[in-house]
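Not measured: the values here are computed from a predicted model. Just so you know, these numbers use all the heavy atoms, side chains as well, and skip hydrogens, waters and symmetry mates.
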Amino acid sequence: MSLDRRNFLKGTLAATAAMATAGLAAGCAPAVSGSGEGSAAGASEGGVLGLEETGYQCSEDWLGEAPQIDEADIVKTVDVEVVVCGGGHAGSQCALAAAQGGATVALIEVQPKDTYSANGVDLCAYNSKLLSDRGLGGYDTGQIVGEFVRRGAGRVNADIIRSFVEQSGEMLDNLVAITPDTSDFFDFETGQCQVQTAYEMPDASYYPLVRSGFKGWASCLQTMGTHNSNPIDGRDPADVMRMTEIEIYTRLAAEELGATWYWETAATVLVQNENGDVTGVIAKGPDGYIKFNASKGVCLCTGDFSSNPDMVWNLLDDVNELGARNGMKREDMIGQGRDGSGIKMGCWAGGVMECHPRPSMNTMMYTPGPWGDAPFPMINANGKRFMDEGMCGLHAPMMLRQPHGPIAVVTDANYLESLKECSIDHGAADWGDAYVNIHDYWGRMQADMAACIDAGAEGADVHDVAVPYREWRIFKVWAAQTLDELFGYLGYDEDAKKQALASIEEYNQMCAAGVDSLYGKDAVFMKPVDTPPFYGAVVMNEGHNTTGLVTLAGLVTDGDMNVLKSDYTTPIKGLYAAGNCLGHRYGPGYSTPTAGASMGMAFTHGRVLGKYLAAM
């Protein structure tokens, strides 16, 4: 079938032209600024369209114009029912589910096949048979949905969250079903994987665990940086991370059902008809452009925008404002994810991003020391305590808003008693199961801590006890026989040290009373810091942050993940989003009642979307 250039441009770019004319009503994005250094003042001089014209409070054009692809450059046309843009966690599961539902599927992936890699080490799923058989099932899904909404401050779509919570168990069990016998991915007894649990709370009867008003459920499957002993689709298992392994099995299962992966191919622009419906996508492959026609839908699963400095600068106000105020360059604000190409494609087609404040995965793994987001007293640069430390998911944003300089956590010889009360929030201390015992996870940390006692001002290295990755992180910890000496090791001057000692004295008095009259910390955490040796760790707060691992802000959709226009009502027929292209999942920041929710949502939403499209 030949492609008429005039009709193609009319179809793909009509929505963009209409948006430029109609402004916010059409869900438009920023117009071209020219200079690339726009400002609020410059907007009034005509350099950049303002909020009324664009619907975005940005100083620059982070979007640009949709590419125009010449007919002569299209070397191939592919006709299928479902086209998936992006072969990460959401995309591969979407392709598999659609194929399992009988649909014809094409998946477009920018990575090469031989070196394909997918990130992550933990995966949240509720009420799966796999975890229920281990005593971690039968959870009240309505309560879990409600907790996600509360942690997201209501800036979420509860139906998007509900589809994850209710259907994640089936997703995980499907992964188990497609994993071959040559893999030990789901082998709990030998510690190939584990479930994050609280101390001596091994089954569902202990959950939800409530700490500082936040609820948590043990339902996160973790992979520990181990490797399969057998080749994986011809690849050396030593070079294949566990989540990459499971995605390879996903692809193989989908290919057996007829799905086709197009490697080293980048989705470039969506195809739309005269009504603005999305009917396909143009992608650039090794031999030129390919037009993919999708009779049921195109799924944007291309990931986040954390590696795109212009999108980060214009769309993540909490990152760019704190960074700019403290001398940070925009290229230093980026994270470890993708370039936002799929999100831009959705906006060119008439979609919009969720509103500010937009979330990013930078709200955990910031607390000083090897104990994870521990409930120990936390002291700012002026020597003052400043929060309920039991609110694990809020440590990072609270710390960023403190005076610049050292922020320390301090504890004493009884530190384990506090860690045993920890929540199971992302970044909290992890008591786990087989893996912890096999590798004497906590025993090593205690041995490291003992070595700090004679290390003096040099301190000593201690392995952490939060969620373990491919290799344990190591933190410097100091120990001393007096708090005065300890705060000196931690870098506090005399005035700040005097205030810090007074803060700990006040804290100990509140512990004796069993009530935190300053910040309302749970009584189970109110354990005095009064028994030597005293331990501490410190980070320097410079008042700024990056996007962290990935950004979590995405396109506005309905509960079926159909991308909507700016009225939050009108769907763009044929266009869907999942993974980090999907908006309204986390509100202002990444705080979740179970670790692994980012990957859990990506896997599950991709699967839910694939099943939905196959059934159309």
Side-chain angles (χ1 to χ4, degrees), residues 78 80-101 103-120 123 171 174-175 178-179 232-235 239-268 270 280-286 290 292 294 297-307 336-343 345-346 550 554 561 575-582 598-611 613-614:
V78 175
V80 290
E81 292 174 305
V82 177
V83 175
V84 182
C85 302
H89 299 312
S92 63
Q93 297 308 313
C94 182
L96 173 60
Q100 288 177 328
T104 54
V105 182
L107 185 143
I108 304 166
E109 170 54 41
V110 70
Q111 295 187 66
K113 177 182 178 181
D114 293 343
T115 57
Y116 168 83
S117 177
N119 294 326
L123 178 63
M171 174 278 298
N174 186 67
L175 291 182
I178 66 169
T179 299
I232 302 164
D233 193 32
R235 292 176 60 176
D239 296 330
V240 180
M241 291 181 64
R242 280 301 199 182
M243 286 302 167
T244 302
E245 178 186 349
I246 206 71
E247 293 298 11
I248 291 174
Y249 300 147
T250 298
R251 171 179 59 82
L252 294 174
E255 287 178 336
E256 287 184 4
L257 296 170
T260 303
W261 259 241
Y262 290 81
W263 298 101
E264 300 180 68
T265 302
T268 304
L270 296 166
V281 62
I282 305 295
K284 188 174 184 179
I290 305 172
F292 293 87
V298 174
C299 308
L300 298 175
C301 303
T302 56
D304 75 318
F305 61 89
S306 66
S307 67
Q336 304 174 29
R338 306 303 182 187
D339 65 359
S341 57
I343 292 173
M345 287 168 56
V550 292
M561 291 170 273
L575 183 61
Y576 301 84
N580 284 332
C581 287
L582 175 63
S598 176
M599 287 180 56
M601 284 199 188
F603 273 77
T604 305
H605 286 140
R607 180 161 179 78
V608 170
L609 180 54
K611 292 166 68 176
L613 291 174

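You'll find the side chain of V240 stays beyond 4.5 Å of the side chain of D233, heavy atoms only. Counting heavy atoms from C-beta on, the side chains of N174 and Q100 come closer than 4.5 Å. Between L123 and M243 there is a side-chain heavy-atom pair separated by less than 4.5 Å. Between R251 and L107 the shortest side-chain heavy-atom distance does not fall below 4.5 Å. Contact check for I290 versus I108: no side-chain heavy atoms found under the 4.5 Å cut-off. Proximity of T265 to P286: side-chain heavy atoms (C-beta onward) are separated by under 4.5 Å at one or more points. Contact of the E247 side chain with the T244 side chain is not registered, since no non-hydrogen atoms from C-beta on lie closer than 4.5 Å.
Here the rule is side-chain contact (heavy atoms from CB on, under 4.5 Å) with Y576, and of L613, V298, L300 only L613 fits it.
Note that the CE atom of M599 and the CG atom of N119 stand 8.5 Å from one another [nearest 0.5 Å]. For the atom pair CG (L609) and SG (C301), the distance works out to 6.5 Å, reported to the nearest 0.5 Å. One distance of note links CD1 of I178 with CG of L252; it measures 8.5 Å at 0.5 Å rounding.
The shortest heavy-atom contact between C85 and A267 is SG-CB, 3.8 Å. The minimum heavy-atom distance linking C299 with C94 is given by the pair SG-SG, 3.7 Å. Across every non-hydrogen atom of T302 and R338, the tightest pair is O-CG, 3.5 Å. Nearest heavy-atom pair, T268 versus V281, reported as atom, atom and distance to 0.1 Å: N-CG2, 4.5 Å. The two residues M171 and F603 make their nearest non-hydrogen contact at SD-CB, 3.6 Å. Of all heavy-atom pairs between S92 and T250, the closest is O-CG2, 3.4 Å.
Counting only residues at least two apart or on different chains, no salt bridge (Lys or Arg N to Asp or Glu O under 4.0 Å) pair has a member in residues 103-115. Identified under the salt bridge (Lys or Arg N to Asp or Glu O under 4.0 Å) test for residues 598-607, with sequence neighbours left out: E170-R607.
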For I232 and Y249: C-alpha separation, side-chain torsions, deciding distance, then whether side chain to side chain contact (heavy atoms under 4.5 Å, CB included) applies.
CA-CA 8 Å; I232 302 164; Y249 300 147; 4.0 Å; yes
When you look at Q93 and L175, which way does the side chain to side chain contact (heavy atoms under 4.5 Å, CB included) test go after all the steps?
CA-CA 9 Å; Q93 297 308 313; L175 291 182; 3.6 Å; yes
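Checked by atom type and distance alone, the side chain of T260 never pairs as donor or acceptor with a backbone atom of A106 at under 3.5 Å. Side-chain atoms of S117 do not come within 3.5 Å of backbone N or O of T115 as any donor-acceptor pair.
Taking A259 as the reference, A99, V105, A254, W261 meet the side-chain contact (heavy atoms from CB on, under 4.5 Å) condition, with sequence neighbours excluded.
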